[in-house]
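The structure appears right after this line, and notes come after that.
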Amino acid sequence: MTELRRTACNRDCPDACSLLVEVSDGRAVRLRGDPADPITQGFLCERTSRFLDRQNDPARLTTPLLREGGVLRPVSWERALDVAAQKLLAIRAESGPASILHYRSGGSLGILKVLADHLFEQFGPVTIKRGDICSGAGDWAQLHDFGELGLNDVFDLEHSATILIWGKNPHVSAVHLLPVLRAARARGARLLGIDPVRTRASELCERFVQPRPGGDFALALGMARVIFERDWVHAQAAERCEGLSEFRALAHTCTLEEWAREADLPATEIETLAELYATKGPANIQVGWGMGRRANGAEVVRALNALCAITGNLGVRGGGVSFDAARSRSFDLDFVRGLEVAPRSFREACLGRDILDARAPPIRAAWITAGNPVAMLPDSLVVKDALERTEFVVVVDTHPTDTTDVADLVLPTLTLLEDSDLLGSYGHHWIRSSEPALEPPGEARHELHILQAFAARLGIPDVLAGSVDDWKRRLLRKLEASGVSLERLRAGELRDPSRPEVLFEGGVVPRGRVALLSAPAAAPPVTDSEWPLTLLAVSTPKAQASQWSVPLSPGPPMCRVHPSAAPGADGEERELQSARGSLRVRVVHDERVRSDVALMEKGGQLRDGRGVNALVGARETDHGGGACYYDERVRLVGTA
Ligand SMILES: Nc1nc2c(c(=O)[nH]1)N[C@H]1C(S)=C(S)[C@@H](COP(=O)(O)OP(=O)(O)OC[C@H]3O[C@@H](n4cnc5c(=O)[nH]c(N)nc54)[C@H](O)[C@@H]3O)O[C@H]1N2
Ligand SMILES: Nc1nc2c(c(=O)[nH]1)N[C@H]1C(S)=C(S)[C@@H](COP(=O)(O)OP(=O)(O)OC[C@H]3O[C@@H](n4cnc5c(=O)[nH]c(N)nc54)[C@H](O)[C@@H]3O)O[C@H]1N2
Ligand code: SF4
Ligand SMILES: [Mo]
């Protein structure tokens, strides 16, 4: 008999869908999006539609694995956790808690995953990461300019007359934004797209421009210049913004033609974008999270914040600059203090280098959960080397990865269909409870239960005491007064009532006045005849970061380039080289890609011959500790 179970998707995705799982004889036979969920609207993305292949993957981790004689071998949970506790207690006693690194990434966005941070804080505090390779630069920009992170309600787009889709590819990385964008368009809103790659978003857009990678700062400043010159600045801009004249002066440091040249766009195109944005409002900017992943990333996002503020589009229905909904804010996580108490932190973008360079004390142990830093952080080979040199590395995961490949102990945990947790979202204001739809295979365990058994061995059994539901209730405490309870969430998603429909109503921001930028951003790297292409390895429908739908298609990964960038190479294999390394790729000609871009899929692993991050140098963004994923210059060499 088939039974329908309901849960929530915990993947690192702005949508946080409600899933319906058809279960027959204890096995999931079909996954669907819940039609009753206002965001999910009854459909799923490609990668989660195909999740059952990954759920039933024979390679799934089902038992703890301990490295003995160089080989990972199955061991009991007792043995695994005894060894881990003995090692970590000894290392803490000998070298201090700072010699232990705890690293957690976005493998699951379940809020209970933060309990690992809590445990390591109580055991140490230990060394942790600082910055955020995903949204660090953009988050910094929002906090700096407005004093708070957030966005207008996603359905507020129904009030927009103009929507700029700026460096965002909703057909791939935010598919549940599409119905909202389509509805806006059907109602007559004008959509404009800005991306070096002519993505499918162009199908929705009245205009679509392709600036050079990182040229967005120049584009935005060119637009600002036009807005100042034509007097389209909002009447109250001077009251609401700090540094309006400095921003005006910055916009006037170059002529429109010079900004246009830097962005590699026609000046007339910039004028048109400025006119539509400033005079055909209310206008919203949908800012892609990738906009910040470059050396000038925070300043690029600041330039968009400034455009929004000076045109009076902040704090109005249909306006706003939508970057990050601050998903954790709904939950009570104040007991985790993070960098405030950590004895030391490493730059996430440069994690491998910082581990290798650590002295007094060096890093001797690492506990890695919900992350695959070897594949996903820049400079993969350095991250790999750093972890290989670390005496004892524990990785908690569901599947083998580049990072479990260098682990001394691997602990199996639950997939999104087995887990029980709470989910917020970085793209909207709904929260959900995930509930186990399936029994885990073998000995895979809920992460809380792993951590509790470990805490008992570390001599701090009380730190995480309580059932999964106890913790869910505790983390929901902030919302209790507004009627959000675990019971109600189990019945279906709820909108966090504490989030306003329109953020910064009337243009009033928590910091008082909006901080406008006054200094130029770092120029994006210049491609030249030696390094003619900029590598953009971006989200693919086939994977969630390094979690691919299986089986992988055979052969080397695809590298899409404009035909003029590699004439005659269509379908052939080449070496894609950067100053850091090289990768065998299959060249695919694609007219939609700018001629100075090499477009790849993000998430390739070294173990599959697809480790694209081995080519990406480790550098932090201008602010916020992001990673410069999209600044690497590359070239294609060799013949077939
Ligand atoms: N299918 C799928 N969806 C995902 C993910 C995934 O791995 N797979 N990952 C999730 C995660 S972790 C995140 S953070 C989000 C990421 O969400 P985004 O960062 O919005 O998504 P991407 O599709 O990686 O990149 C968006 C677009 O930015 C463009 N871009 C790159 N450089 C520039 C530039 O200089 N200027 C402009 N204007 N555009 C530029 C790229 O060409 C691409 O089309 O997506 C989430 N969604
Ligand atoms: N070149 C390039 N690199 C990028 C990006 C890019 O655009 N270009 N994007 C960056 C971005 S935006 C991000 S967010 C990062 C993502 O980087 P990561 O968060 O490291 O990426 P994932 O592949 O999602 O790795 C998460 C791991 O968690 C595991 N996992 C799944 N569920 C659970 C769970 O419940 N518990 C535990 N313990 N593990 C679980 C998965 O099997 C997977 O191995 O990558 C970054 N790297
Ligand atoms: S990955 Fe995103 S779009 Fe896909 S099912 Fe999960 S939440 Fe929905
Ligand atoms: Mo991300």
Side-chain angles (χ1 to χ4, degrees), residues 7-19 31-34 37 39-41 43-51 105-109 132-136 138 164-178 193-202 208-220 263-265 286-297 300 304 323-324 376 416 423 425-428 430 432 434 524 534-549 560 592-594 597 599-603 626-627 629-631:
T7 187
C9 178
N10 67 19
R11 305 188 108 169
D12 189 342
C13 168
D15 298 357
C17 290
S18 294
L19 306 183
L31 294 181
R32 282 186 285 141
D34 186 348
D37 184 301
I39 300 284
T40 309
Q41 298 197 19
F43 74 97
L44 298 178
C45 62
E46 179 180 332
R47 64 196 185 287
T48 301
S49 300
R50 292 178 58 192
F51 187 74
S105 186
S108 157
L109 293 192
D132 187 283
I133 45 100
C134 175
S135 59
L164 267 65
I165 304 175
W166 204 323
K168 181 161 177 154
N169 188 1
H171 286 81
V172 174
S173 44
V175 293
H176 293 88
L177 187 64
L178 288 171
I194 302 164
D195 197 307
V197 179
R198 197 174 169 83
T199 63
R200 285 190 59 202
S202 61
F208 196 92
V209 299
Q210 295 181 259
R212 78 180 174 102
D216 308 80
F217 186 82
L219 166 58
D264 196 20
L265 289 173
Q286 290 287 317
V287 189
W289 297 278
M291 289 288 282
R293 296 188 201 124
R294 46 179 30 94
N296 63 10
V300 165
L304 310 192
F323 181 73
D324 184 341
M376 297 316 295
L416 63 94
L423 277 309
S425 153
Y426 54 94
H428 56 71
W430 268 261
R432 299 176 176 82
S434 65
T534 299
L535 173 62
L536 302 182
V538 300
S539 300
T540 164
K542 298 195 277 293
Q544 172 64 50
S546 67
Q547 307 170 55
W548 292 79
S549 306
R560 294 184 176 274
R592 294 168 300 185
V593 180
R594 266 181 68 101
V597 166
L599 184 67
M600 304 256 327
E601 296 173 321
K602 84 176 188 191
Y629 285 112
Y630 305 153
D631 266 349

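One-based numbering, in listed order, for ligands and for the atoms of each. Numbers here simply count residues along the sequence, with the first being 1.
- Among protein heavy atoms, the minimum distance from atom 33 (C) of ligand 1 is reached at Arg294 NH1, 3.5 Å.
- Atom CZ of Arg32 has more than 12 heavy atoms from other residues, nucleotides or ligands within 6.0 Å.
- Atoms CD and OG, on Glu601 and Ser539 in that order, are 10.0 Å from each other to the nearest 0.5 Å.
- Aromatic ring pairs are classed by plane angle as parallel below 30°, tilted from 30° to 60° and perpendicular above 60°; the pair Phe43 and His176 is parallel.
- Residue contact check: Arg47 has heavy atoms under 4.0 Å from atoms 1 (N), 2 (C), 3 (N), 4 (C), 8 (N), 47 (N) of ligand 1.
- Interatomic distance, SG of Cys9 versus CG of Leu423, reported as 7.5 Å (0.5 Å rounding).
- Between Glu46 and Lys542 no salt bridge is recorded (no basic side-chain N to carboxylate O distance below 4.0 Å).
- Here the closest heavy-atom approach between residue Thr40 and residue Gly33 is recorded as CG2-CA, 3.6 Å.
- Atoms of ligand 1 found under 4.0 Å from any heavy atom of Ala543, numbered from 1 in the order shown, are 1 (N), 2 (C), 6 (C), 7 (O), 8 (N).
- Near Ser173, meaning under 4.0 Å from any of its heavy atoms, are these atoms of ligand 1: 3 (N), 4 (C), 17 (O), 18 (P), 20 (O), 21 (O), 22 (P), 23 (O), 45 (O), 46 (C), 47 (N).
- Applying the side-chain hydrogen bond (donor to acceptor under 3.5 Å, both in side chains) rule to Thr534 yields no partners; only residues at least two apart in sequence or on another chain are considered.
- No donor-acceptor pair closer than 3.5 Å links the side chain of Thr48 to the backbone N or O of Leu44.
- For atom 22 (P) of ligand 1, the closest non-hydrogen atom of the protein is Ser539 OG, 3.7 Å.
- Within the structure, the closest approach of Gly106 to ligand 1 does not fall below 4.0 Å when heavy atoms are considered.
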Test side-chain contact (heavy atoms from CB on, under 4.5 Å) on Met291 and Asp216 and set out the steps.
-> CA-CA 9 Å; Met291 289 288 282; Asp216 308 80; 3.7 Å; yes
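- Remark: the backbone N or O of Pro196 is paired with a side-chain donor or acceptor of Gln210 at under 3.5 angstrom.
- Using modelled atom types, one finds no donor on one side chain facing an acceptor on the other under 3.5 Å when comparing Asp34 with Ser18.
- Only the backbone of Thr540 comes within 4.0 Å of ligand 1, counting heavy atoms alone; no side-chain atom from C-beta on gets that close.
- The single protein non-hydrogen atom nearest to atom 28 (O) of ligand 1 is Gly167 O, 3.2 Å, given as residue, atom name and distance.
- Distances shorter than 4.0 angstrom do not occur between any heavy atom of Glu46 and any atom of ligand 1.
- Heavy atoms of Trp289 found under 4.0 angstrom from ligand 1 belong to the backbone as well as the side chain.
- Of the N or O atoms in Pro211, none lie within a sub-3.5 Å distance of an N or O in ligand 1.
- Those atoms of ligand 1 with a heavy atom of Thr199 less than 4.0 angstrom away are 44 (O).
- Side-chain atoms of Asp195 come within 3.5 Å of backbone atoms of Val197 as a donor-acceptor pair (strictly under, hydrogens ignored).
- Looking only at protein heavy atoms, the nearest one to atom 38 (N) of ligand 1 is Asp216 OD2, 2.7 Å.
- Some N or O of Gly290 is nearer than 3.5 Å to an N or O of ligand 1, by distance alone.
- Taking all atoms of both residues into account, the shortest heavy-atom contact from Ser434 to Ala8 is CB-O, 3.6 Å.
- The closest approach between a heavy atom of Cys45 and any atom of ligand 1 is not below 4.0 Å.
- For ligand 1, the polar-atom distance check against Ala174 finds no nitrogen or oxygen pair separated by under 3.5 Å.
- The minimum heavy-atom distance linking His171 with Leu178 is given by the pair CE1-CD2, 3.6 Å.
- Atoms of ligand 3 found under 4.0 Å from any heavy atom of His176, numbered from 1 in the order shown, are 3 (S), 8 (Fe).
- Closest heavy-atom contact between Leu177 and Pro170: CD2-CB, 4.4 Å.
- Taking a 4.0 Å cut-off on heavy atoms, Arg11 fails to register as neighbouring ligand 1.
- Listed by chain and residue number, nothing satisfies the ring pair (Phe, Tyr, Trp, His ring centres under 6.0 Å) test with Phe217 (two or more places apart in sequence, or in another chain).
- Within the 3.5 Å criterion, the main-chain N or O of Leu19 finds no donor-acceptor partner in the side chain of Thr7.
- The distance from ligand 1 to the heavy atoms of Trp166 drops below 4.0 Å at these ligand atoms: 38 (N).
- Counting only heavy atoms of the protein, atom 44 (O) of ligand 1 lies nearest to Asp195 OD2, 2.7 Å.
- The two atoms that bring Ser135 and Phe323 nearest to each other are O-CE2, 3.9 Å, heavy atoms only.
- Atoms of ligand 1 lying under 4.0 Å from at least one heavy atom of Gly214, given by number and element, are 34 (C), 35 (O).
- By the 4.0 Å N-to-carboxylate-O rule, Asp631 lies too far from Arg293 to be salt-bridged with it.
- Every residue meeting the side-chain hydrogen bond (donor to acceptor under 3.5 Å, both in side chains) condition with Asp264, not counting sequence neighbours, appears here in chain and number order: Arg594.
- Ligand 1 places these atoms under 4.0 Å from at least one heavy atom of Pro213: 35 (O).
- Each of the following atoms of ligand 1 lies closer than 4.0 Å to a heavy atom of Cys134: 14 (S).
- Taking distances strictly below 2.8 Å, the protein N/O/S atoms close to atom 6 (Fe) of ligand 3 are Cys9 SG.
- The single protein non-hydrogen atom nearest to atom 40 (C) of ligand 1 is Pro196 CD, 3.4 Å, given as residue, atom name and distance.
- At least one heavy atom of Ala545 sits less than 4.0 Å from an atom of ligand 1.
- Ligand 1 has an N or O atom lying under 3.5 Å from an N or O atom of Ile194, backbone or side chain.
- Residue-ligand proximity: Lys542 is placed with every non-hydrogen atom at 4.0 Å or more from ligand 1.
- If you check which protein heavy atom lies closest to atom 11 (C) of ligand 1, you get Tyr426 OH, 3.4 Å.
- Nearest non-hydrogen protein atom to atom 9 (N) of ligand 1 is Lys602 NZ, 3.2 Å.
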